[in-house]
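All remarks here apply to the structure that follows.
Indexing begins at 1, ligand by ligand and atom by atom, following the structure's order. Note: hydrogens, waters and symmetry copies are ignored here, and every other heavy atom, side chains too, is used. On a predicted model such as this, the values are computed, not experimentally measured, just so you know.
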Amino acid sequence: MKGTVVLEGNDRDAGVVEEICAYLTEHPPRSFFLFAGAGSGKTRTLVEVLRRLTSVVPHESGGKLAHRLRLYGRSIRVVTYTKNAVAVISGRLGINDLVAVSTIHSFCWELIGGFNDDIRAALIAVKTAKLEDKRVEAAKKAKGISKTDLRNFAEIEAEIEALKAVPTFIYHPDKDTYGDGALEHGQVLDATAWMLLHRPTLRTILHDRHPIILIDESQDTMKSVLDALMKLAEPRGSGLTLGLLGDHRQRIYMDGHSDLPGLVPDGWAKPELKMNHRSQQRIVQLINSIWAAKLAGRTQPASGVEQHPRTEKTGGTVRLFIGRASLSTPEKRQKEAWVASQMQQAANSDAWATPGGFQSLALEHKLVAARGDFLNVYTAMTLIDPNAAAPSGRGENTGPSAARLVLHDLAQLAACVAADGSVNEFAATEVLRRAGCLEQLPADADQRIARTEEMHDAVVAFGVTCVKPDATVADVVAPIIKAQVFKVDARLLQQFADPTPPPAAPIPRKETETDDARRRRGWCALFKAPWTELERYRRYLAGQSELATHQVVKGSEFTHVMVVMDDDQSGGHQISYDKLFGATELGERDLDNIQAGKETTIDRSLRLLYVTCSRARESLALVLWAENPTEALRFARQESGWFAEGEVLEIP
Ligand SMILES: Nc1ncnc2c1ncn2[C@@H]1O[C@H](COP(=O)(O)OP(=O)(O)OP(=O)(O)O)[C@@H](O)[C@H]1O
């Protein structure tokens, strides 16, 4: 390019803001994909672009765009991944009526809310397509269509019939309270994607409101919505311009496209941020080499720019600790404390010896649940509602809505119980009053006293039971349900009253089960689980457990980080650190996927490792609990090329 100045050092990316402003103010404007790696400061870049395009910072072509937006009552839409990110961007921008910032869900609902006939048509079309896929899949099976398949088909058919009768839709995940018209997050996105493609009026509305849409974390944005928007933005000059910001190396959800950079149309601009402002040099080097690794079983390309640390960040500490996966959970906990003491010396920082001085990250929810001692409750909740059981990166999961009694109401009541089981009656009455339990008391004085006593006795029994160390969830909820103290979800009531034993769990990969059978297993497991686990599970849902998962820390950074990798407790076949570190062989399915060029366990595990390592500013401890420590040590020291001599240690 004529007159281009090549910038070096910390100013390497200084031209990117201007570059993006130029794409968006050209005639016609040009869509772009900004490759923004870990710690590259994409929020800052985004905000600076918006300031120029809305005349907050004087800018010649930005000023003209702002004038046009204002003239037609339009605005630039910014879509972020979390509510927290909405607050950060809105806060940095200040009051700006030319920019509307929201999560993808609010954006979609703003667009489609109220178009009830179209939403119904969309949902029926999506479900019909799902049914068709399931039928095709089942027909391909060697043994033919099973009874479970037929039950699954019938479940979807019933859902389609129920949708036909819904007059209005609202955006709320709780179907039990609000009926079939209550849409959960995924349904809102599915319906929007379908309507954008099949309802021209919606497209016109979108162009008219937001001629420019900028999407953050686009690598994790649900495929269907992204595809629909990308289609509308083509060809250039169509009236909609898209700006996607993202880093495919940090994709952690299966909702996103597996190779977004490869899908970006040729005509789009592809600016890049090459700096990593967050981490010390050693950590930036490590994440660069992790991504560049040529590993057996890797199918995803190593595309993406190599990052540069800031010139003053010349230090940083990295260590890999490898121990035996066969140790018990308490032993592992103890050894992880030893790792922290080693890091205190290696990084020369007392933060490693201070509670809360470093952040522990796990790669899987199940591992966090096992370490945090709430695995029974967690497993039960994932069976009851797999989509609501774990905290999401968006911070919107509060656990299965049907379990509200134990997750919310009884948590509040438990807070009024002292260690000896006695109940603070004043506080407990306040909890009952707030929950509306005292509204239905009979008018007749005698009946009123009798009912009040009944509730009081139930609360006392609850207090006595919930402090017993071996009390189960069933033991604790029994007096409350018997006396009908709280308004309890019908699903919980029905499951609690059902005396039948749980159905047998299906054999993994060989048998499937219906949703009803899965939920029944979940409820039975929940009622049997220790009551004390619930409190820990609730803290974890609220993002307050000591060990966090990568989902929760999306977009965050910490000075010192310990990443715990343990396949034993990783809860699935999707991820394997043993395989990544060469300590176990690739499985049959991986070999098939490699043949087919599809994503493998190695690809997924590598990306998770990349995301967690890139959260650290100063020092990073990786802890691998390996099935075959000798092999993992050999790989790490001699083959990976990721670590220097002395950075790999065996856990004694
Ligand atoms: N131009 C800059 N100069 C100095 N520091 C910066 C600059 N840009 C960002 N930073 C700092 O670098 C860190 C990383 O920035 P930020 O969190 O915005 O990155 P990000 O691109 O969103 O990263 P990720 O995708 O990994 O979450 C922050 O501490 C931020 O304050």
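Near E557, the atoms of ligand 1 lying under 4.0 angstrom from a non-hydrogen atom of the residue are 13 (C), 14 (C), 28 (C), 29 (O). Within ligand 1, the atoms closer than 4.0 Å to a non-hydrogen atom of R310 are 3 (N), 4 (C), numbered from 1 in the order shown. Ligand 1 places these atoms under 4.0 Å from at least one heavy atom of A38: 23 (O), 26 (O).
Note that R298 lies in the cation-pi zone of W291, set by a 6.0 Å cut-off to the ring centre and a 45° limit from the axis.
Under a cut-off of 6.0 angstrom, the local environment of NZ in K231 is sparse, with at most 12 non-hydrogen atoms contributed by other residues, nucleotides or ligands. Crowding of E60 atom CD: a count of heavy atoms from other residues, nucleotides or ligands under 6.0 Å not exceeding 12.
Compare K42, Q219, R44 by their heavy atoms: the one nearest to atom 7 (C) of ligand 1 is in R44. Of the candidates H277, E217, Q250, the one placing a heavy atom closest to atom 25 (O) of ligand 1 is Q250. Relative to atom 15 (O) of ligand 1, the option among S279, G41, A14, G37 with the closest non-hydrogen atom is G41.
Ion pair K42/E217 flagged as a salt bridge, since at least one NZ, NE, NH1 or NH2 atom sits closer than 4.0 Å to an Asp/Glu carboxylate oxygen.
Contact annotation: D247 has no heavy atom less than 4.0 Å from any atom of ligand 1.
For the pair S556 and ligand 1, the shortest N or O to N or O distance does not fall below 3.5 Å.
A donor-acceptor contact under 3.5 angstrom links the side chains of R77 and S102, judged on distance only.
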